[in-house]
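Worksheet: one structure, shown below.
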Amino acid sequence: MAKILEKRLIREPDVFYYRLEAPLISRKAKPGQFVIIRLHENGERIPLSLADINPEEGTISLIVMAVGKTTTEMSMMKQGNEILDLCGPLGQPTHIHTVGKVVLVGGGFGVAPLYPIAHAFKDAGNDVVIIMGARSKDLLIYENEFNRVCDRVIITTDDGSRGIKGFVTEALQKELEKGGVDLVLSVGPAIMMQNVSQTTEPFDVKTIVSLNPIMVDGTGMCGGCRVLIGGETRFACVDGPEFDGHQVDWDNLMNRQKKYVNHEKLSFERWKQKHTNMLCE
Amino acid sequence: MKTEKNKKKPKIIPRKTPMPEQDPSQRKDNFEEVALGYSLEMALQEAERCLQCKDPKCVDGCPVNVPIPQFIKAIHDGDIQKAIELIQDKNLLPAVCGRVCPQEDQCEKNCLLGKKHEPVSIGRLERFAADWQGTACQLTTPELPSSTGKRVAIVGSGPAGLTCAYDLAKLGHEVTIYEALHEAGGVLFYGIPEFRLPKDIVTCEIALLRRMGVEIVTNAVIGKLISLDELMQDFDACFIATGAGVPTFPGIEGEHLNGIYSANEFLTRTNLMRAYNSPEFDTPVITGKRVAVIGGGNVALDSVRVALRLGAEKAMILYRRSETEMPAREEEIDHARQEGVRFEFLINPVRLIGSNGWVEKIECIRMELGECDESGRKSVCEIAGTQFQIPVDVVIMALGTEANQLLLKSSGDIALNKRGYIVIDEATGRTSRKWVYAGGDIVTGSATVISAMGAGRTAAKAIHNDLLEFMKE
Ligand SMILES: Cc1cc2nc3c(=O)[nH]c(=O)nc-3n(C[C@H](O)[C@H](O)[C@H](O)COP(=O)(O)OP(=O)(O)OC[C@H]3O[C@@H](n4cnc5c(N)ncnc54)[C@H](O)[C@@H]3O)c2cc1C
Ligand SMILES: Cc1cc2nc3c(=O)[nH]c(=O)nc-3n(C[C@H](O)[C@H](O)[C@H](O)COP(=O)(O)OP(=O)(O)OC[C@H]3O[C@@H](n4cnc5c(N)ncnc54)[C@H](O)[C@@H]3O)c2cc1C
Ligand code: SF4
Ligand code: FES
């Protein structure tokens with residue numbers, strides 16, 4: 001059981017911040033790792049990245065977008081409620097080392113897990129730049145946090161309402177052209193990470209991506225999270241989630257992510273129906 | 001003695017007393033237990049068949065040496081309580097083992113009666129005695145000696161971990177079990193399906209441990225949440241029983257298509273996450289009309305029978321050797337056949353073909369058996385030019401598992417063998433690191449419930465002795 005110590009909406013209408021009581025996990029967790037939660041007895045296990053780790057306080061933070069049944073149910077929980085199962089830290093931590101200039105690339109609410117990573121790279125003495133993108137300015141999150149830890153924050157919006165108009169990859173291209181980039185690390189939707197990897201490839205800059213296939217146990221036991229890296233099968237939950245972006249078979253990943261779309265839709269619809277009934281009563 | 005003499009020699013009943021079962025046409029659609037267990041009359045009749053051998057070979061065949069003729073005699077005498085006590089002295093989980101042990105390769109294989117007739121159904125009698133007593137939920141908590149003040153950590157809550165915990169707790173040690181998943185029980189919970197082993201039995205055994213003061217910490221991945229070094233600072237000894245839970249894939253073209261599962265994932269989704277009860281439970285599982293399971297062991301059989309219950313119209317086993325080489329239990333093969341599972345022997349998948357990202361066909365090649373190799377197993381080789389395709393919606397790979405390295409990766413000082421399993425001293429379970437013991441599938445590779453249990457028991461004894469020794473010093 002893990003108590004929700006704090007919960008707030010950080011981006012209208014569906015992205016929430018949760019701070020959970022997790023003394024043991026917070027002591028061990030490193031940037032780049034994730035946890036698996038199960039909300040209740042009938043619930044499924046879903047993986048969520050660590051958006052902040054606070055060992056002194058014994059807490060971890062998650063930023064979760066309500067996209068389907070489980071994440072929406074979670075969004076209806078309140079401060080003081082308890083999450084039935086919280087398991088972690090899982091996966092390999094980001095390999096933090098001193099390389100020189102690190103460019104982090106994130107999109108939408110997916111920038112959150114980059115926060116502890118940015119912190120760690122900065123502490124290791126790197127020059128840290130973040131490129132964060134969103135469709136429009138209202139969809140940007142964590143800007144202040146990044147301003148605090150990064151040497152530079154580059155913002156892009158699709159509609160030009162803030163920062164540079166365009167995609168993160170265009171801003172990244174410019175950074176790469178300027179030269180001096182030693183490492184690129186990207187977290188976000190698969191399609192964005194693929195584009196980031198394609199952008200860096202001609203520049204031969206090492207590019208780390210954090211893959212998000214569907215998982216069950218998160219301990220290497222089921223193989224559901226298998227991904228193809230350089231033609232070889234790897235389990236993202238134990239070997240990853242971070243891999244060399246230039247080696248990832250993206251089509252395979254994106255196809256596998258769609259595996260349960262129909263089930264998910266059905267389950268969410270049913271839940272919503274039941275829920276509206278409950279609200280009406 | 002006199003009465004014995006007067007009695008005329010009873011006529012031997014050549015066949016086992018049959019066990020009532022759910023009708024195949026009905027059970028193929030539900031997850032309830034297939035085999036229903038003996039009534040008292042049936043048990044008495046079966047107990048009567050035992051010859052009460054002076055030198056009982058059955059006992060030698062049992063990995064934990066259950067006093068078989070003695071417990072059968074107790075049943076025969078109507079003293080079921082005594083029977084169960086005799087069994088439990090050696091086997092902590094008779095209700096589990098009576099259901100899932102491969103008796104035909106162990107005790108029953110050696111049974112003297114089996115030389116001419118069918119052997120005594122030792123397994124069914126074991127199950128009868130266990131069920132007679134009720135689940136562990138109905139048992140009184142055994143009395144415990146005063147605490148020794150010694151603390152033992154157990155990693156993994158499969159049969160090896162559970163048994164070790166029980167024995168140590170009974171000796172007065174403080175025991176904490178750490179389990180990575182949200183439920184304890186290991187394969188008993190996430191692997192073996194409900195219709196073969198009702199989960200209540202496992203849950204009750206675990207509840208009994210809790211009543212005995214054993215602490216069970218779930219969601220605790222040792223090596224991630226707590227390192228082995230940290231455990232060793234907090235505990236006097238540690239028993240590693242993390243199983244062999246990592247699935248292998250054949251490495252053929254198309255194995256990443258949607259609709260292809262490892263048996264572990266398919267079974268975990270249905271058993272642990274109860275996808276069979278979806279949408280009541282949130283975890284989905286893909287249920288196809290045509291399901292092919294690759295493999296020939298218990299895991300393959302469990303998968304195919306689950307697929308059938310999830311609504312497959314055509315559920316097939318594809319095995320590369322012939323029926324005689326199948327490692328699965330005979331009983332399970334018979335059950336599966338009765339339920340309508342199709343068996344295809346001497347074929348091997350070479351490629352999976354899909355469209356739109358989903359598997360649609362499996363291309364197979366015919367195989368032939370050759371000479372026996374040193375291990376006594378017949379070799380198999382492909383017959384060139386015999387490729388053919390089978391249309392499928394779901395493919396399940398039940399090709400065996402490997403050692404789970406999650407913990408071992410982070411504790412480099414424990415000696416492993418070439419295949420990544422822990423090296424132990426057989427008699428004690430001691431590993432190369434002092435105060436760290438191991439047993440079960442993480443030592444032997446995928447084996448049986450009873451051998452894992454036996455290993456848990458052996459280690460408990462050694463840990464106890466070593467701790468006593470240490471306290472004396
Ligand atoms: C390593 C990792 C880290 C993640 N970190 C975050 C995070 O920090 N914040 C966040 O909001 N989301 C994160 N996700 C995604 C999150 O797990 C899914 O959004 C969530 O599982 C959706 O569940 P649902 O029932 O609400 O929606 P559903 O309707 O069930 O699914 C919506 C989509 O989420 C994905 N998904 C569904 N089930 C799973 C599953 N068991 N495992 C992985 N993906 C699944 C699928 O692509 C699906 O199409 C992460 C995923 C991974 C693998
Ligand atoms: C589908 C299936 C059917 C089977 N059918 C039969 C049968 O009919 N008869 C029979 O005798 N045998 C059968 N077996 C084999 C039998 O179940 C195993 O041999 C036995 O369960 C091994 O026990 P164990 O205690 O060594 O490990 P397991 O039962 O595998 O338990 C290991 C536990 O350790 C946990 N763990 C792993 N790593 C960590 C970590 N780092 N930290 C914390 N916890 C961890 C795992 O989550 C798991 O719960 C079957 C196996 C399967 C998969
Ligand atoms: S070998 Fe068979 S007949 Fe002999 S004691 Fe054992 S069960 Fe009875
Ligand atoms: S989630 Fe099961 S092996 Fe990775």
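Below, read A as the first sequence line, B as the second, and so on, with proteins coming before strands; counting in each chain starts at 1.
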Indicate yes or no: at least one non-hydrogen side-chain atom of [X] is less than 4.5 angstrom from one of [Y].
{"X": "Arg269(B)", "Y": "Glu44(A)", "answer": "no"}
{"X": "Asp282(B)", "Y": "Glu73(A)", "answer": "yes"}
{"X": "Ile286(B)", "Y": "Tyr260(A)", "answer": "yes"}
{"X": "His256(B)", "Y": "Thr233(A)", "answer": "yes"}
{"X": "Arg27(A)", "Y": "Glu230(B)", "answer": "yes"}
{"X": "Lys28(A)", "Y": "Ser227(B)", "answer": "yes"}

Residue pair [X] / [Y]: nearest heavy atoms and the distance that separates them:
{"X": "Cys222(A)", "Y": "Ser262(B)", "value": "O-OG, 2.6 Å"}
{"X": "Met221(A)", "Y": "Leu181(B)", "value": "CE-CD1, 3.9 Å"}
{"X": "Gly223(A)", "Y": "Pro247(B)", "value": "N-CG, 4.0 Å"}
{"X": "Asn255(A)", "Y": "Asn356(B)", "value": "OD1-O, 3.9 Å"}

Residue part contacting chain A, namely of [X], when any heavy atom lies under 4.5 Å:
{"X": "Phe266(B)", "answer": "neither"}
{"X": "Glu402(B)", "answer": "neither"}
{"X": "Leu267(B)", "answer": "neither"}

Can you tell me how far apart [atom1] ([X]) and [atom2] ([Y]) are? Round to the nearest 0.5 Å.
{"X": "Asp217(A)", "Y": "Leu272(B)", "atom1": "CG", "atom2": "CG", "value": "9.0 Å"}
{"X": "His182(B)", "Y": "Leu86(A)", "atom1": "NE2", "atom2": "CG", "value": "13.5 Å"}
{"X": "Lys224(B)", "Y": "Ile25(A)", "atom1": "NZ", "atom2": "CD1", "value": "12.5 Å"}
{"X": "Asn219(B)", "Y": "Leu24(A)", "atom1": "CG", "atom2": "CG", "value": "11.5 Å"}
{"X": "Trp358(B)", "Y": "Lys258(A)", "atom1": "CH2", "atom2": "NZ", "value": "10.5 Å"}

Between [X] and chain B, with a heavy-atom cut-off of 4.5 Å, which part of the residue counts as in contact: side chain, backbone, both or neither?
{"X": "Asp85(A)", "value": "both"}
{"X": "Arg226(A)", "value": "both"}
{"X": "Arg270(A)", "value": "side chain"}
{"X": "Ile214(A)", "value": "side chain"}
{"X": "Glu232(A)", "value": "neither"}

- Top contributor to chain B interface from Leu228(A), Asn262(A), Val238(A) [non-hydrogen pairs under 4.5 Å]: Leu228(A)

- Message: Using a 4.5 angstrom heavy-atom cutoff, name the option from Ile46(A), Thr219(A), Thr70(A) with the most pairs to chain B.
- Response: Thr219(A)

May I ask you to name which of [options] has the most heavy-atom pairs under 4.5 Å with chain A?
{"options": "Asn264(B), Asn258(B), Thr283(B)", "answer": "Asn258(B)"}
{"options": "Val285(B), Thr248(B), Thr401(B)", "answer": "Val285(B)"}
{"options": "Val246(B), Ile226(B), Leu225(B)", "answer": "Leu225(B)"}

- Within 45° of the axis and under 6.0 Å from the centre of the six-membered ring of Phe281(B), does NZ or CZ of Lys69(A) qualify?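 Checked: cation-pi criterion not met.
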
